[in-house]
Amino acid sequence: MAFLGVLGFFGKIPFTCSTEQVATFKDLQIQRQSRYATHDVLGQKPVHEYVGPSLTTMSFKIQLRSYLNSSPSAYLPLLKDMLESGEAQRLLLGPKYYGKYVLTGFSEDQKHFNGIGLCIAADVSLQLEEAQGFSLLQYLKNMI
């Protein structure tokens, strides 16, 4: 049995690189910003006031290939469920734990299909946003 090289996770989605399976991430982009309020001053230029940090956003790509045991037909439904649930997921990339993020969107580029029309190769771009504190959706789900 070969050692499964786990590179990280996003929720239930593992990122792996081994002789058994390849499902890696690439092109990681992290965006951090600050928030400012603008106050108008009569007869002068507006004044900026630092309000605090914005939520961190991230994006990265994953390549899904059936011949590498990372079938698009297995991963894409999981991503769709994560997107539609709105639930925050733990994000671990390499040795770094980033906290909880929500999947705000993803795009899939279905590259190749087999003889019965199933996608066997796809590139997927994920867009994530940091999840902080209170979630109205989660609160409402807990009430039901």
Side-chain angles (χ1 to χ4, degrees), residues 2-113 117-144:
F3 174 77
L4 186 62
V6 178
L7 305 174
F9 288 93
F10 177 55
K12 295 178 181 178
I13 307 278
F15 302 114
T16 59
C17 185
S18 73
T19 57
E20 298 293 320
Q21 181 185 41
V22 177
T24 59
F25 60 91
K26 68 177 189 172
D27 298 335
L28 174 65
Q29 292 184 332
I30 302 172
Q31 184 172 3
R32 295 179 178 94
Q33 295 181 323
S34 293
R35 295 177 296 129
Y36 289 87
T38 302
H39 303 285
D40 290 330
V41 178
L42 189 62
Q44 297 180 17
K45 290 184 178 182
V47 175
H48 281 40
E49 178 184 6
Y50 177 74
V51 176
S54 291
L55 296 173
T56 300
T57 60
M58 290 190 183
S59 64
F60 56 88
K61 298 174 185 170
I62 52 178
Q63 290 182 325
L64 303 174
R65 305 291 187 260
S66 291
Y67 69 90
L68 296 173
N69 291 326
S70 57
S71 172
S73 62
Y75 280 76
L76 292 174
L78 283 173
L79 289 168
K80 185 174 182 264
D81 289 346
M82 290 169 71
L83 179 69
E84 292 176 353
S85 77
E87 292 180 24
Q89 308 289 331
R90 293 183 191 330
L91 178 64
L92 175 74
L93 299 175
K96 186 164 182 180
Y97 175 65
Y98 287 93
K100 287 190 170 185
Y101 280 74
V102 291
L103 181 61
T104 58
F106 72 92
S107 61
E108 54 189 87
D109 184 7
Q110 297 186 9
K111 300 279 191 185
H112 303 287
F113 299 84
L118 292 176
C119 180
I120 57 171
D123 295 337
V124 182
S125 297
L126 306 178
Q127 296 84 42
L128 311 177
E129 186 172 286
E130 183 179 16
Q132 286 290 330
F134 180 76
S135 165
L136 181 60
L137 180 61
Q138 195 59 41
Y139 176 77
L140 294 173
K141 283 183 178 179
N142 290 339
M143 289 183 65
I144 298 176

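Excluded from the calculations below are hydrogen atoms, water molecules and symmetry mates; all remaining heavy atoms, backbone and side chain alike, are included. Since the model is a prediction, treat every value here as computed from it, not as a measurement.
- Closest heavy-atom contact between T38 and P46: CG2-CB, 3.5 Å.
- Checked against ring pair (Phe, Tyr, Trp, His ring centres under 6.0 Å), F25 has the following partners two or more places apart in sequence or in another chain: F15.
- Residues C17 and L7 approach most closely at CB-CD1, 3.8 Å, considering heavy atoms.
- Among L126, T24, D27, I30, the one residue that satisfies the side-chain contact (heavy atoms from CB on, under 4.5 Å) test with F60 is L126.
- Looking at residues two or more places apart in sequence or on another chain, you find a side chain to side chain donor-acceptor pair (under 3.5 Å) between E49 and H39.
- Between the side chain of R65 and the backbone N or O of A122, at least one donor-acceptor pair lies under 3.5 Å.
- Legend: residues meeting side chain to side chain donor-acceptor pair (under 3.5 Å) with S73, ordered by chain and number and at least two apart, are S71.
- With sequence neighbours left out, the ring pair (Phe, Tyr, Trp, His ring centres under 6.0 Å) criterion links Y50 to Y36.
- At least one side-chain heavy atom of I13 sits under 4.5 Å from a side-chain heavy atom of Y75.
- The distance from the CG atom of L79 to the CZ atom of F10 is 8.0 Å, given to the nearest 0.5 Å.
- The minimum heavy-atom distance linking G5 with S18 is given by the pair N-CB, 3.6 Å.
- Looking at residues two or more places apart in sequence or on another chain, you find a side-chain contact (heavy atoms from CB on, under 4.5 Å) between Q33 and Q31, S54.
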Please tabulate, for side-chain N and O atoms in residues 88-111, each donor-acceptor pair with protein atoms closer than 3.5 Å (sequence neighbours left out).
unit_1	atom_1	unit_2	atom_2	d
T104	OG1	Q127	O	3.1
E108	OE2	Q110	NE2	2.6
D109	OD2	K111	NZ	3.0

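- A distance of 9.5 Å separates CG of D123 from CD1 of I62, quoted to the nearest 0.5 Å.
- Taking CD of Q29 as the start and OG of S59 as the end, the distance is 4.0 Å to the nearest 0.5 Å.
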